[in-house]
Every structure is written in C-alpha cells, then in structure tokens.
Amino acid sequence: MKAREQEYKEIFIAEALEYYDALSRHISDLEKNPQDDQVLAEIFRLLHNLKANAKAIGYLNIADVAHKLETAFGLIRNKELTFSDEVVTVLFDGVDMLGELIGNIDNPVTIEPSPALLRNLDIIASTISENTGEELSKVQKYYTSKNLSLSDLIYIQIKKLDHLLNLVGELIIDRDRILSISKELDHDDLKSVSSHLYRITEELQFSVMDARLVNVGSLFNKFPRIVRDIAVAEKKEINLEIVGQDIQIDRNILQIITDSLLHLMRNAISHGIEKADVRKKQKKSPQGNIILSAQNDRDTVILRLIDDGKGIDQTEVRKAIVNRGFLPADAVEDLRDTEVLSYLFEPGFSLAKEVTEFSGRGVGLDVVKNAIDSIGGRIRVDSQKGIGTTFTMYLPTSIAVKGALLCQVEENYYAIPLMHTDSVVSLPSSELHEVGDLLVADIQGETITIVYLRELFNVDLDQYSGRKSKLSGDVQNIIIVTYNNRKLGLIVDSLLRQQDIVIKALSKPVNTIEIYAGVTLLGSGKVCLVLDVAAITRYFIARR
C-alpha cells in the first residue's frame with residue numbers, strides 16, 4: 001500500500017510542477033494580452049485540475065490556494081474583475097506560493113501559505129469595485145525570494161521511449177551476434193568484452209522496459225464509475241470487485257487493450273448479468289457480481305473479467321455456427337466446448353437478440369481479438385450456462401522484445417512466440433492419422449490437427465495436404481500452439497532453444513505471405529522467420 005501511495009505522490013508532484021510552470025508562463029502571456037480568452041480558459045483549467053488532484057491526494061493547503069486563484073480567474077474570465085497591475089501582482093504571488101508548496105511536499109517542516117497572500121486573494125475574489133487597488137494597498141504584499149530548483153521527476157513522451165526501446169532491440173541483435181563471434185574465435189579478451197556487453201545490454205533493456213511500466217490500476221480505477229453508469233442505464237444492480245491494481249504492464253499495451261476491456265465490461269453488464277428479479281428466481285443475489293483482476297505469470301500479465309450472469313448457451317452457439325454458414329451441422333457436433341466458444345470472436349458472429357446502447361455479448365468481439373492479436377497476446381473465453389462467463393487476456397510485458405521458442409525446419413530457422421506455445425511433445429509417426437487431407441493425433445485426450453511444416457513451407461498454402469508417407473523419421477517433434485481457444489500441432493525437424501527476440505516487420509513482397517509475422521536475426525547471423533500462429537491456426541481450423 002505504501003509503495004502505491006508513494007507512486008501516486010510522485011505522479012501528483014510531476015503533474016503539479018508541470019501545471020505550475022504552465023501557469024507562470026500563461027499569466028505572463030495574459031499580462032501582455034489581458035483579452036486573450038483562450039489563455040484565460042487554459043489557466044482556469046490548470047487551476048481546476050490542480051485543485052482536484054491536490055484535494056484527492058490530501059494536500060489541502062495546495063488545494064486551498066488553487067481554489068482561491070481559480071475563483072479570481074473565474075471573475076476575470078467573466079469580466080467581473082479587471083486584470084489590473086495590483087491584481088496581476090497578487091496572482092503572480094499566488095502562483096509562486098503554489099510552486100513553493102509543491103516543491104516542499106517532502107520537506108519535514110511543512111510550508112504554509114502566507115496569511116497576507118491568502119487575504120489578498122480573498123480581497124480580489126470578493127471585492128468587485130473600483131476600490132480593489134486601495135484595499136490591496138493596505139495589505140502587506142507577499143514576495144518570494146526562493147532559488148530556482150528543478151524536480152527530480154520528468155515527463156517523457158511515450159514515442160521517445162518507443163524509439164529508445166527500438167534502439168535497444170537493435171542493440172540486442174548485435175550483442176547476440178558479437179557473443180556468437182567471440183565463441184567462434186575463442187579469444188579471451190573478446191569473450192570478456194562480449195560478456196560485459198551482454199550484461200550491460202540486458203540491464204539497459206530492463207531499465208527502458210521498466211520506465212514504460214504503469215500500474216494496471218491506472219485503467220482499472222476508472223471502471224467503478226463506468227460500471228455504475230452502465231448499470232443505471234441497464235436498470236441493473238452491479239457489485240464490482242477489482243483485484244491486482246498494483247500489477248505493472250507496458251503503458252502502450254495497456255493503451256491498446258483499454259477499448260477492448262471497456263467493450264467486454266459493457267457486454268458483461270448489458271448481456272451477461274440478468275435483471276434483479278430474474279436473478280432472484282434463479283436463487284442468485286439481486287446484485288450481479290463482476291470481478292476485474294490482474295496477475296503476473298512470468299513474462300505475461302493475465303487480465304480476467306469474470307461475471308456471475310447467465311453464461312453462454314453452448315447449444316445456441318452451435319446453432320448459430322451452422323445458421324451463419326461457418327460449419328456444417330455434422331462438423332459442429334465434433335467440436336469441443338472451448339472450440340465452440342471460439343466462434344464468438346469471428347467477425348459478424350452475435351447471439352444478441354437485440355442491439356442495445358451497449359450491444360450484446362458477441363457484437364464486436366472480433367475487434368477485441370484483433371487488438372489483442374496486434375500486441376502478440378491472446379484471449380480465451382470460458383462459460384457455463386446459468387453460472388457465468390470469464391474472459392481471460394494473456395498479455396506480453398513488452399511489445400518490442402518477446403520470448404520465443406526457436407526451431408529448425410530443413411536448413412532454416414523459425415521462431416514461435418511463447419505466448420502461443422502450449423507444450424512440446426515427441427510422438428511416434430504411427431500415432432498420427434490421416435483424416436481427409438489433414439493429419440490428426442490424440443494428445444492428452446484431445447484430437448488435434450497436426451501440420452507438417454516441411455511440407456507447408458515447400459508448397460502453396462492451398463495446395464498443402466497432410467500425408468503420413470511424406471513424414472521423415474519414426475518420431476516427430478511437435479510444438480502444440482494455441483490461438484483463440486483452438487490448438488494446433490506443428491511438426492519441426494528439431495527444437496533449438498527458448499530466447500528473447502526482437503521482431504522486425506517483413507519487407508515487400510514477403511510481407512504478403514500470411515504465415516509469417518516478422519523476422520529476427522540470431523546471434524549466428526542467421527535470419528529467423530517468426531511464424532504467425534494466428535494465421536496458421538485460422539487456416540487449418542477452417543479446413544477441418
């Protein structure tokens with residue numbers, strides 16, 4: 001709790017100092033052009049925000065001075081107070097006092113606003129007459145004689161951190177190359193330097209990534225109000241529980257999934273949670289319960305949205321899959337429950353009987369999935385009719401640097417993001433079976449489609465056919481990947497290692513090949529293609 005309070009305080013100080021600098025600048029501009037309504041509106045906005053933030057975190061003396069200044073500028077904006085020399089002096093004194101209070105928040109000796117200054121502010125805020133100047137002249141004026149000081153906290157634009165992280169990514173590629181060369185040459189000095197370079201680069205990578213981290217609470221804490229508004233509009237009672245606000249995640253990733261999380265929350269309330277009278281009949285609490293949680297799992301942040309609503313009717317989904325032409329009826333019967341629910345993420349798939357202001361669960365879920373795909377994450381849904389639904393998002397901690405499983409097919413190297421890697425198995429070729437033009441295998445009680453990558457890479461995608469006769473060797477190395485509640489097995493020639501990689505976009509015309517998500521360079525100098533698990537899975541599941 002103390003760590004969170006310290007973080008909030010640091011954020012407040014950084015923002016408050018920025019507000020103070022902007023206020024000083026704007027008042028100087030206003031003195032030159034008192035009729036500038038835009039500058040007046042900006043000053044009023046800055047003071048209002050500073051007052052609200054200070055009050056929220058408990059700095060009441062700052063909030064009090066900001067409030068008095070806000071009142072004065074409100075009068076000036078409404079043309080009820082003239083921006084005269086006497087008034088300007090008091091306002092400058094007031095802004096200087098704000099700077100003094102903000103800069104001394106950590107000072108063990110509490111700085112209090114000057115009583116003379118507060119009285120001056122009260123006079124210009126309450127006296128609307130020609131005697132304002134005379135009234136002020138009777139009061140001892142407040143002057144500041146403090147030295148200039150700089151904050152230990154600075155704001156950095158996210159795009160600058162993005163650029164810095166990209167440079168670190170390039171450095172990691174060259175570092176791995178140098179490390180590989182030093183081993184090949186077996187030179188002691190080069191080994192020593194490359195080893196040191198490895199440590200420094202790793203520390204630099206984590207430092208830049210750490211600078212981009214924010215608490216998920218910065219997003220989660222906006223939801224109580226959102227939930228309240230949606231619940232009122234839907235005439236429902238909702239109890240929201242938030243867990244794991246202190247979990248940290250890359251700011252860009254949090255930004256990208258913001259709309260997705262909002263969409264899932266709206267759907268949970270409007271379509272998932274039943275009305276109070278319906279819940280009572282089902283012997284549930286009148287209030288619907290929603291849990292929004294975050295947790296860390298190694299290099300992954302897991303966000304969950306759990307509701308105890310009516311759940312998703314599997315039978316209805318199976319009917320919709322057939323009615324909308326996704327699969328024939330006999331194929332739908334063979335689908336596992338998790339695979340059935342994955343169709344909720346298909347474009348245009350919806351179970352909503354009517355579209356309300358907040359829509360129905362299923363409307364737009366393909367947009368949610370696409371947003372999460374774009375950052376290399378994945379989403380799954382679990383639901384039980386009458387009990388509730390859980391959406392789980394698995395998100396990487398960084399966009400630029402990703403953990404991957406490296407493998408080899410013939411002479412070429414490939415990387416599969418760990419986010420989509422479920423498990424690795426060795427299976428005798430005799431346990432693979434031909435079904436139509438695909439190979440399937442029973443792995444841990446599940447029937448999984450198996451793709452022979454050597455064959456896939458040597459033919460056009462639409463000409464691929466799985467035949468046991470094409471397999472090489474008696475035992476196959478299979479990487480089980482998962483995407484959108486669906487699993488697929490990829491046969492590789494050999495497994496290499498797990499490694500952090502920097503994914504670069506492919507250039508034309510290779511970028512048009514669907515099965516590749518990008519490229520990276522290994523320490524050996526070898527080019528390594530990154531497989532697009534989503535594209536491969538979508539293609540082969542559709543062919544089943």
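Reckoned from all heavy atoms, side chains included, excluding hydrogens, waters and symmetry mates.
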Separation of [Y] [atom2] from [X] [atom1] (nearest 0.5 Å):
| X | Y | atom1 | atom2 | answer |
| --- | --- | --- | --- | --- |
| Ser285 | Asn289 | OG | CG | 4.5 Å |
| Asn239 | Glu237 | CG | CD | 10.5 Å |
| Leu69 | Leu46 | CG | CG | 11.5 Å |
| Met265 | Phe223 | CE | CZ | 5.0 Å |
| Asp307 | Ile273 | CG | CD1 | 4.5 Å |
| Ile173 | Arg175 | CD1 | CZ | 10.5 Å |

Test item: [X] side-chain N/O and [Y] main-chain N/O as donor-acceptor pair under 3.5 Å:
| X | Y | value |
| --- | --- | --- |
| Asn221 | Gly217 | yes |
| Ser180 | Asp176 | no |
| Ser192 | Asp188 | no |
| Ser195 | Lys191 | no |
| Asn370 | Asp366 | yes |
| Lys236 | Ile269 | yes |
| Ser423 | Ile480 | no |

On a heavy-atom basis, which atom in [X] and which in [Y] lie closest, and how many Å separate them?
| X | Y | answer |
| --- | --- | --- |
| Leu305 | Ala268 | CD2-CB, 4.4 Å |
| Ile416 | Cys407 | CD1-SG, 4.4 Å |
| Leu406 | Ala415 | CD2-CB, 3.7 Å |
| Ser194 | Leu179 | OG-CD1, 3.6 Å |
| Leu47 | Ala66 | O-CB, 4.0 Å |
| Ser218 | Leu254 | OG-CD2, 3.5 Å |

So, do [X] and [Y] sit near enough that their side-chain heavy atoms are less than 4.5 Å apart?
| X | Y | value |
| --- | --- | --- |
| Val530 | Pro417 | yes |
| Val424 | Ile478 | no |
| Ser293 | Ile242 | no |
| Leu531 | Leu453 | yes |
| Arg304 | Gln295 | yes |
| Ile172 | Val168 | yes |
| Arg380 | Phe391 | no |
| Leu261 | Met393 | yes |

(message) Please evaluate residues Asp382 and Thr389 with respect to the criterion side-chain contact (heavy atoms from CB on, under 4.5 Å), reporting the C-alpha separation (whole Å), side-chain torsions for both, the decisive distance (0.1 Å), and the verdict.
(response) CA-CA 6 Å; Asp382 298 282; Thr389 302; over 6 Å; no
(request) Start with the C-alpha gap between Glu274 and Lys284, add the side-chain angles, then the distance that decides, and say whether salt bridge (charged side-chain N to carboxylate O under 4.0 Å, His left out) holds. (result) CA-CA 10 Å; Glu274 312 92 333; Lys284 290 183 176 181; 2.9 Å; yes
(request) May I ask you to decide if the ring planes of Tyr516 and Tyr414 are parallel, tilted or perpendicular, using 30° and 60° as cut-offs? (result)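 Tyr516 vs Tyr414 ring planes: parallel.
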(request) Output, in order, the C-alpha distance, side-chain angles, deciding distance and verdict of side-chain contact (heavy atoms from CB on, under 4.5 Å) for Met209 and Leu165. (result) CA-CA 7 Å; Met209 287 168 67; Leu165 192 58; 3.9 Å; yes
(request) Check the pair Leu292, Glu241 against side-chain contact (heavy atoms from CB on, under 4.5 Å), reporting the backbone distance first and the verdict last. (result) CA-CA 6 Å; Leu292 182 58; Glu241 182 183 349; over 6 Å; no
(message) Between Asp373 and Tyr483, do the side chains contain a donor N or O and an acceptor N or O under 3.5 Å apart?
(response)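 There is such a pair between these side chains.
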(request) Using the salt bridge (charged side-chain N to carboxylate O under 4.0 Å, His left out) rule, take Arg45 and Glu42 through it: C-alpha gap first, then chi angles, then the decisive distance, then the call. (result) CA-CA 5 Å; Arg45 184 189 70 82; Glu42 180 62 12; 2.7 Å; yes
(request) May I ask you to establish whether Arg486 and Tyr343 are in a cation-pi arrangement, using a distance under 6.0 Å from NZ or CZ to the six-membered ring centre and at most 45° from the ring axis? (result)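 Yes, a cation-pi geometry.
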(request) Evaluate the criterion side-chain contact (heavy atoms from CB on, under 4.5 Å) for residue pair Asn252 and Arg212; output intermediate values, then yes/no. (result) CA-CA 8 Å; Asn252 276 18; Arg212 297 163 55 89; 3.5 Å; yes
